[in-house]
Every structure is written in structure tokens, then in C-alpha cells.
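For reference, the structure is listed below as C-alpha cells.
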Amino acid sequence: MGGMGEVWQATDLLLNRRVAVKMLRPEHAHDADGQARFRAEAHYAGSLSHPNIAHVYDYARPSRPTPVTW
């Protein structure tokens with residue numbers, strides 16, 4: 001867990017591969033500055049290409065918060 005986001009291991013069901021999903025922590029969900037920093041991080045990380053840096057495949061902002069259930 002980082003400062004603003006949480007990283008989860010998941011499976012991309014379409015391509016059947018393991019992925020990491022980084023989500024903005026709930027306490028930052030309504031913080032405009034936090035959202036901007038999170039969006040900038042996704043943009044900058046997506047522009048990098050290196051074997052030791054995770055690839056960014058997608059960035060999305062839900063239209064409304066969705067609780068995570070198990």
C-alpha cells in the first residue's frame with residue numbers, strides 16, 4: 001500500500017494474465033489534488049518502457065464509487 005493508492009493482484013479475464021490494479025484510496029476519492037496526482041502518475045508511468053516498470057494498460061474513473069466485495 002502506498003500513500004495515495006492501493007495495489008491489488010488481479011486476473012485479466014479477457015487475456016488470461018495476471019495484472020496489478022492500482023486504485024485510489026477511498027479517503028482521497030473526493031480530493032481534487034489527489035485525483036490529479038493519481039491521473040498524472042498513470043500518464044507518466046504509461047509513457048515509460050522498461051523491463052522493471054509495470055506497463056499501464058488502462059486508466060478509468062468510475063462514474064460513481066463502487067464498493068469492493070469479496
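The chain is numbered in sequence order, starting from 1.
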Validate the cation-pi geometry between R17 and Y57: distance from NZ or CZ to the six-membered ring centre under 6.0 Å, angle to the ring axis within 45°.
yes
A10 and V21 have their tightest heavy-atom pair at CB-CG2, 3.8 Å
Correct closest heavy-atom pair for G34 and L24 would be O-CD1, 4.3 Å
Quick one: closest heavy-atom pair of M23 and W8, and the distance?
CE-NE1, 3.8 Å
Decide yes or no for R37 and H28: does some side-chain heavy atom of the first lie under 4.5 Å from some side-chain heavy atom of the second?
no
Distance, nearest 0.5 Å, that separates OH of Y59 from NE2 of H43:
12.0 Å
With a sphere of 6.0 Å drawn around CG of N16, does it hold more than 12 non-hydrogen atoms of other residues, nucleotides or ligands?
no
Nearest atoms (heavy-atom pairs only) where V56 meets A42
CG2-O, 4.0 Å
Sub-4.5 Å side-chain heavy-atom contact between R18 and Q9
yes
